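Written below as structure tokens is the structure these notes are about.
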Amino acid sequence: MSDDQNNPLLQPWDEPFGLPPFARVRAEHFAPAFEQAMAAHRTEIDRIVNARGAPTFENTIAALDRSGRLLTRTEQLFFNLTASETSPELQAIERDVAPKLAAHENTILLDEKLFARIDDLHAKRATLSLNAEQLRLLERVHLDSVLAGARLSAEAKARLSEIVERLAQLQTSFSQNVLADEAAWCLWLNSEDDLKGLPDAVRAAAREAGAERGRPGTSAITLSRSLVVPFLTHSERRDLREQAFKAWTRRGENDGAHDNRPIAREILALRSEQARLNGYANFADYALVDRMAGKPAAVAELLEKVWEPAKAKATEECGALRAMAAARGEPEDVAPWDWRYYAELVRKSRYDIDDAMVKPYFSLDRMVEAAFDCAHRLFGIEFVRRADIGAYHPDVRVYEVRRGEYPIGVFLHDNFARPTKRGGAWMSNYRSQSRIDGDVLPIVVNNNNFAKGSPTLLSLDDVRTLFHEFGHGLHGLLSQVTYERLSGTRVLRDFVELPSQLFEHWAFEPEVLKKHARHIETAAPIPDALIERLQRARRFNQGFETVEYTACALLDMALHAQAGDDGVDITQFEQDELARLGMPREMVLRHRLPHFAHLFSSSSYAAGYYVYMWAEVLDADGYDAFVEAGNPFDPAVAARLLKYVYSSGNTIEPRAAYRAFRGRDASVEPLLIKRGLLEQPQPA
Ligand SMILES: [Zn+2]
């Protein structure tokens, strides 16, 4: 028997729904599989390039969309595993294979003969009798190659290939370093005094973390956001808050093997060179070509509308925190590790709510049910648990997604933090929807990093995250397009957060809360009075949240507007830029640059962190369509939303898609009102 026959990655996947053979795959299967899959892809490309006769949409553009399926399937499995359940073996392969994959892809994008065919078709696209989706595909494929440098000289292309490979290496190291710093640190809480102020749910999560770190019965705080943030919110021990906060905000900034500062510097230098080779002044200009915003100036205009009012709001909030500290006879010099702690006390006193009171109504299981129920009411689909199907970790739940009796996709839900998973929350695909050669059903995963408890209780922030990722998940699952290149979430970067952020709105609809937010012990629905207080408290601390986020977005744009050859000293840059912006000294960035994975783990969110705010303009304005209809599940509005947003992938230009859904362009006011940065206009 040859090795190929022993390698499940190179065999047909005959698991249910064509899921990857998780149980049989071992790390050593990947290197040979990647090698063969790249070779197979290359052969397919050569066949397209050498096809007889003139290029046609079918023999070139559609053929490209069909090509590389073995490679895509291998990549999707591999990169999902390195994100969700990695190991030293997988990490070593990742470092080796990431530059090879980047080079492979780049060679195809820059293939002269292939580009000649694409360019020829693009030039006469109006005469090819293409339907709207085909035309859009041709335009995207053409732009992909042009932006990769297909029109440049041979020397420039050669240099670009080097840059792309080196970037892949550096970006892999950047994210592995953050993971290493997160895995290396933990704060042991050894006495009752160390636990002072922590509610039961946080104590349970800390015990769980202690057990996971090999000391059952002892409590620990790790750098997982869903553990460190509640700790900073509740711990009465200012000294321990300071320790945890400093470790958390210094990830990637520690001397030694995992220092991200030199890596970021080189990444920035290479991106700047990449942009200039392509004829752009800097990376921000280059990155924004294929975005809704189009130009950095459009981003600046939006961020500026938000920044000053947000800062004013945060200053006002800080005053209330100081007053709270003073009232308790504690030091008034609120430090960054005190903000969440005093904010929680102010929130409790102003709105009579605190996490400990709220959390028992938000068990993970019930909130998952709530998300499924909303998807059902809006889009008519159901999630059927398939306990008989296993995935890559026992905590992952597998669901068959159905419309009536027909399966439309598979959903994997991976909710808990663990040392082998990277931080944050994200959605990705194991397989994208397409129907170029018969129906291919999407396989979608949602990753969260909730602290596991028994039962697991969520904070409001966790609930928002759960619904956010689920919104992305629906964007993948509901996709109804022909070509894979246009499928699901493969839309423009500043449109992709619309389906996710829009879905967050349903989590806090009173109707949804009354049905699903039930007390973990009594199953009693959340009381109306508490819902009302939650609604009133929604704008609380929005100055902080907005500043923390917007500062990151402004820094990202400024950083990628640099055009130097030697990159940037990110620590110095961060300090100078924050001083220039007038960042309140009681706050830090939501993501400091040395661990800002959005910017440095790949290039896709570089000069792109603003996209959340950009999409929020759309989601705040878009949700008003349901408010105006007087029903959060209004069938007509939901039908338009499904047709033009959740199912259309990248087949429609995003502004046109939004207009078709909403009947007009979005306006920025609903966002400002939602964040409490603009007063709600009163009817005259
Ligand atoms: Zn998102």
Side-chain angles (χ1 to χ4, degrees), residues 41-69 71-72 105 108-151 289-292 294 408 431-442 475-476 478-493 495-496 639-663 665:
H41 191 200
R42 189 65 241 178
T43 307
E44 290 167 324
I45 298 296
D46 289 341
R47 208 172 294 142
I48 296 171
V49 167
N50 299 319
R52 288 183 189 201
T56 63
F57 178 86
E58 200 50 35
N59 75 15
T60 302
I61 306 299
L64 258 179
D65 201 69
R66 279 192 182 92
S67 73
R69 291 293 161 96
L71 180 58
T72 307
E105 196 195 338
I108 294 171
L109 285 166
L110 299 183
D111 186 294
E112 223 163 294
K113 285 189 188 162
L114 181 61
F115 182 67
R117 296 176 76 93
I118 298 169
D119 204 31
D120 176 59
L121 290 165
H122 185 256
K124 54 186 189 207
R125 62 192 181 282
T127 66
L128 298 174
S129 311
L130 302 178
N131 68 31
E133 185 177 345
Q134 291 170 330
L135 183 61
R136 179 107 184 129
L137 177 65
L138 171 53
E139 284 169 349
R140 305 324 297 161
V141 167
H142 186 256
L143 186 60
D144 289 346
S145 286
V146 170
L147 286 176
R151 288 204 163 127
V289 173
D290 196 23
R291 302 260 179 85
M292 276 181 91
I408 63 159
R431 189 173 66 206
S432 302
Q433 180 273 335
S434 71
R435 53 181 180 219
I436 187 173
D437 296 314
D439 271 329
V440 173
L441 303 186
H475 198 193
L478 292 166
S479 176
Q480 280 294 328
V481 309
T482 304
Y483 303 104
E484 193 179 80
R485 171 66 183 81
L486 304 177
S487 181
T489 53
R490 294 187 68 180
V491 294
L492 303 202
R493 180 61 63 191
F495 191 69
V496 77
R640 287 202 305 275
L641 184 62
L642 176 62
K643 182 170 180 193
Y644 297 111
V645 178
Y646 282 89
S647 72
S648 58
N650 198 350
T651 59
I652 315 176
E653 190 276 318
R655 276 177 212 274
Y658 188 82
R659 213 174 291 135
F661 154 61
R662 190 69 170 100
D665 288 329

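For clarity, every value in this text was computed on a predicted model and none was experimentally measured. Positions are given from 1, in the same order as the sequence printed here. No hydrogens, no waters, no symmetry mates; every other heavy atom, side chains included, goes into these values.
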Task: Worked verdict on I108 versus H41 for side-chain contact (heavy atoms from CB on, under 4.5 Å) - done: CA-CA 10 Å; I108 294 171; H41 191 200; 3.3 Å; yes
- [ ] Look at atom CD of E105 and say whether more than 12 heavy atoms of other residues, nucleotides or ligands are closer to it than 6.0 Å.
- [x] no
Task: Spacing of CG belonging to D65 relative to CG belonging to L486, to within rounding of 0.5 Å - done: 7.0 Å
Open item on the list: Is it the case that the side chains of S479 and Q433 hold a donor-acceptor pair, with the cut-off being a distance below 3.5 Å and no angle test?
Closed with: yes
Task: Approximate separation, where rounding is to 0.5 Å, of I118 CD1 and L64 CG - done: 5.5 Å
Task: Nearest heavy-atom neighbours spanning A150 and L109 - done: CB-O, 3.8 Å
- [ ] Identify the residue among K113, K124, R125, R151 that makes a salt bridge (charged side-chain N to carboxylate O under 4.0 Å, His left out) with D119.
- [x] R151
Open item on the list: Within the structure provided, determine whether I436 and R66 are in side-chain contact (heavy-atom separation under 4.5 Å).
Closed with: yes
Open item on the list: Taking R42 first and then D111, would you say they form a salt bridge - that is, a charged N and a carboxylate O separated by under 4.0 Å?
Closed with: yes
Open item on the list: Give me the atom names and distance for the closest heavy-atom approach of R640 to A660.
Closed with: CD-O, 3.9 Å
- [ ] Of all the heavy-atom pairs spanning L121 and I61, show the shortest one and how long it is.
- [x] CD1-CG1, 3.8 Å
Open item on the list: Under 4.0 Å between a side-chain nitrogen and a carboxylate oxygen: does that hold for R69 and E484?
Closed with: yes
Task: Point-to-point distance, once rounded to the nearest 0.5 Å, from CG of L441 to OG of S434 - done: 9.5 Å
Open item on the list: Between R140 and D290, does any side-chain N to carboxylate O distance fall below 4.0 Å?
Closed with: yes
Open item on the list: With a 4.5 Å cut-off on side-chain heavy atoms, are Y483 and T651 touching?
Closed with: no
